[in-house]
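Below is one structure, written out as structure tokens, with a few remarks after it.
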Amino acid sequence: MAVTAGLVGVGPVGDRIVRCLKERDFPLAEPLRVMATRRRREILGDQEFEVHQTSAELFVGLEVVFFAGREGAKGASIQWAQTAIDAGAYCIDNGSDFRLDPNVPLVVPEINMEQVTADTRLIASPNCSTTQMVVALAPLHQVARIKRVVVATYQAVSGWGQAAVEDMERQLPQYVAGEVVDFDPSVFAKPIILDCLPHIDRFTDSGYTKEELKMVYETRKILGEPDLPITATAVRVPVDIGHAEAINVEFEEEITADEAREILSDPQQAPGVVVIDGPSQDPNAVAVRDAPEERQYPTQADVKKDEYKDAVLVGRIRQDETVASGLNMWVVSDNLRKGAATNVVQIAEEMLKRGILG
Ligand SMILES: NC(=O)c1ccc[n+]([C@@H]2O[C@H](COP(=O)([O-])OP(=O)(O)OC[C@H]3O[C@@H](n4cnc5c(N)ncnc54)[C@H](OP(=O)(O)O)[C@@H]3O)[C@@H](O)[C@H]2O)c1
């Protein structure tokens with residue numbers, strides 16, 4: 001069954017949605033209707049599209065609309081989601097505007113797809129750093145009940161949109177040439193090149209940034225644990241694509257690192273997770289670095305590999321020896337794909353499978 005679909009927003013996330021729809025053979029009944037703030041032609045994926053200036057009549061006849069626009073009062077979903085719904089579409093939103101609305105499900109298909117029914121006209125997709133964390137945590141929560149989470153993130157510049165990628169790319173040759181590095185203060189507060197900024201999104205009165213609070217509130221909503229203690233430090237690092245997270249998690253029940261590795265390696269129990277852990281497979285570990293105990297682990301560069309581009313990679317799974325039952329782990333994923341585009345396309349695929357779409 002084929003579906004008529006629209007896309008609002010053609011930044012890095014919009015581009016990845018186009019790619020995901022094509023790669024995953026999403027059954028489109030007609031070419032994707034693409035919209036943004038102004039009309040032009042644009043290459044998305046490897047295809048040229050007519051980009052329309054968003055208007056009410058463009059939503060008529062669409063069954064599903066993917067929103068990948070900016071957030072806030074002038075953003076795409078605040079301005080256009082209700083119009084799309086009134087025209088008869090289901091809306092799947094990448095932005096944060098509706099994520100904590102009690103009437104809007106916040107969905108990661110591996111975890112809580114059952115919250116989407118034929119009556120759910122608006123579905124929110126979580127923040128990129130939340131998505132990869134919950135995909136790794138939910139299977140462990142099922143088995144050993146999480147008691148507390150402490151997370152520090154290492155987030156790519158593409159998480160802040162195309163302007164941030166361009167800012168870093170401009171700074172790199174300036175840095176190498178020994179020139180003064182300029183930066184756009186409307187993107188990041190300081191130059192990002194060869195530095196790490198513990199500042200993602202706006203600061204709040206509490207001293208936490210909005211990104212850190214998103215990880216707290218969104219994780220609680222997705223796991224259905226409104227009081228779960230979670231605390232986060234979100235850091236921007238000079239990486240183009242891919243977020244990494246050092247997660248410390250304490251459990252109510254006993255769970256060992258070996259058990260966690262086994263659970264997360266089982267695609268039935270932990271869909272979407274790939275464990276990269278255990279003894280190093282690198283011959284140089286012994287030969288050059290004289291380190292026979294060296295282990296393998298995922299890094300942000302791995303998410304550019306075809307086999308890992310939609311996965312949540314988990315490594316460095318270790319017992320936290322300071323508590324009765326706790327683990328440390330390292331979680332990596334592509335912020336533009338599983339953190340955004342792949343997740344919304346998977347939601348639409350599931351809606352098709354369940355007869356909600358199509
Ligand atoms: N980047 C990530 O890792 C990530 C992960 C998860 C979620 N998200 C969320 O996904 C969304 C898109 O992210 P991005 O990085 O691709 O953003 P981006 O580079 O800023 O692109 C935003 C796009 O939305 C369009 N747009 C903005 N306001 C609009 C409006 N009122 N009506 C119609 N179109 C509008 C813009 O149009 P013009 O091109 O005409 O300006 C642009 O094409 C954001 O809400 C972001 O928070 C991003």
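Counting starts at 1 for both ligands and their atoms, in listed order. Along the sequence shown, the residues carry numbers beginning at 1.
- What sits closest to atom 38 (P) of ligand 1 on the protein, heavy atoms only, is Thr37 OG1, 3.4 Å.
- Taking distance alone, with nitrogen or oxygen atoms compared against 3.5 Å, Arg99 stays at or beyond that limit from ligand 1.
- To the nearest 0.5 Å, the span separating CG on Asp101 from CG on Leu106 amounts to 10.5 Å.
- Listed by atom number, the atoms of ligand 1 under 4.0 Å from Trp80 heavy atoms are 32 (N).
- Nearest to atom 44 (C) of ligand 1 among the protein's heavy atoms is Gly69 O, 3.0 Å.
- In this structure, Asp184 does not pair ionically with Arg170, as no charged nitrogen and carboxylate oxygen lie closer than 4.0 Å.
- The shortest heavy-atom distance from His243 to ligand 1 is not under 4.0 Å.
- What sits closest to atom 27 (C) of ligand 1 on the protein, heavy atoms only, is Arg70 N, 3.4 Å.
- Atoms of ligand 1 lying under 4.0 Å from at least one heavy atom of Arg40, given by number and element, are 38 (P), 39 (O), 40 (O).
- A donor-acceptor contact closer than 3.5 angstrom is absent between the side chains of Asp320 and Asn328.
- Taking every non-hydrogen atom of Leu336 and a distance limit under 4.0 Å, the qualifying atoms of ligand 1 come out as 1 (N), 2 (C), 3 (O).
- A salt bridge between Asp310 and Arg337 is present, with a side-chain N of the basic residue lying under 4.0 Å from a carboxylate O of the acidic one.
- Applying side-chain contact (heavy atoms from CB on, under 4.5 Å) to Met168 and the options Val187, Ile193, Val239 leaves one that passes, Ile193.
- Within the structure, the closest approach of Asn127 to ligand 1 does not fall below 4.0 Å when heavy atoms are considered.
- Within ligand 1, counting atoms from 1 as listed, the ones closer than 4.0 Å to a heavy atom of Gly95 are 45 (O).
- Taking the six-membered ring for Trp and thresholds of 30 and 60 degrees, Phe67 and Phe59 have nearly parallel ring planes, at less than 30 degrees apart.
- Atom 13 (O) of ligand 1 has its closest protein heavy atom at Val13 CG2, 3.5 Å.
- At least one heavy atom of Arg38 sits less than 4.0 Å from an atom of ligand 1.
- Selection from Pro12, Ser77, Pro126 by nearest heavy atom to atom 19 (O) of ligand 1 gives Pro12.
- A salt bridge links Asp277 with Arg261; the closest basic N to acidic carboxylate O contact falls under 4.0 Å.
- Salt bridge present: Glu350 and Lys353 bring a charged side-chain N and a carboxylate O closer than 4.0 Å.
- In terms of protein heavy atoms, atom 31 (N) of ligand 1 is closest to Lys74 O, 2.9 Å.
- For Ser158 and Asp240, the side-chain atoms include no donor-acceptor pair closer than 3.5 Å.
- Among all non-hydrogen protein atoms, the one lying nearest atom 46 (C) of ligand 1 is Glu71 OE2, 3.8 Å.
- Near Gln79, the atoms of ligand 1 lying under 4.0 angstrom from a non-hydrogen atom of the residue are 31 (N).
- Within ligand 1, counting atoms from 1 as listed, the ones closer than 4.0 Å to a heavy atom of Ala340 are 5 (C), 6 (C).
- Between Arg236 and Asp195 there is no salt bridge, since no side-chain nitrogen of the basic residue lies less than 4.0 Å from a carboxylate oxygen of the acidic one.
- Counted by atom type alone, Ser325 and Glu253 present zero donor-acceptor pairs between their side chains at under 3.5 Å.
- For atom 15 (O) of ligand 1, the nearest non-hydrogen atom from the set Ser129, Gly339, Gly161, Ala164 comes from Gly161.
- Atom 1 (N) of ligand 1 has as its closest protein heavy atom Ser158 O, 3.0 Å.
- Shortest contact from atom 42 (C) of ligand 1 to any protein heavy atom: Val10 N, 3.9 Å.
- Because its NZ or CZ atom is not both nearer than 6.0 Å to the ring centre of Trp330 and within 45° of the ring axis, Arg295 does not count as a cation-pi partner of that residue.
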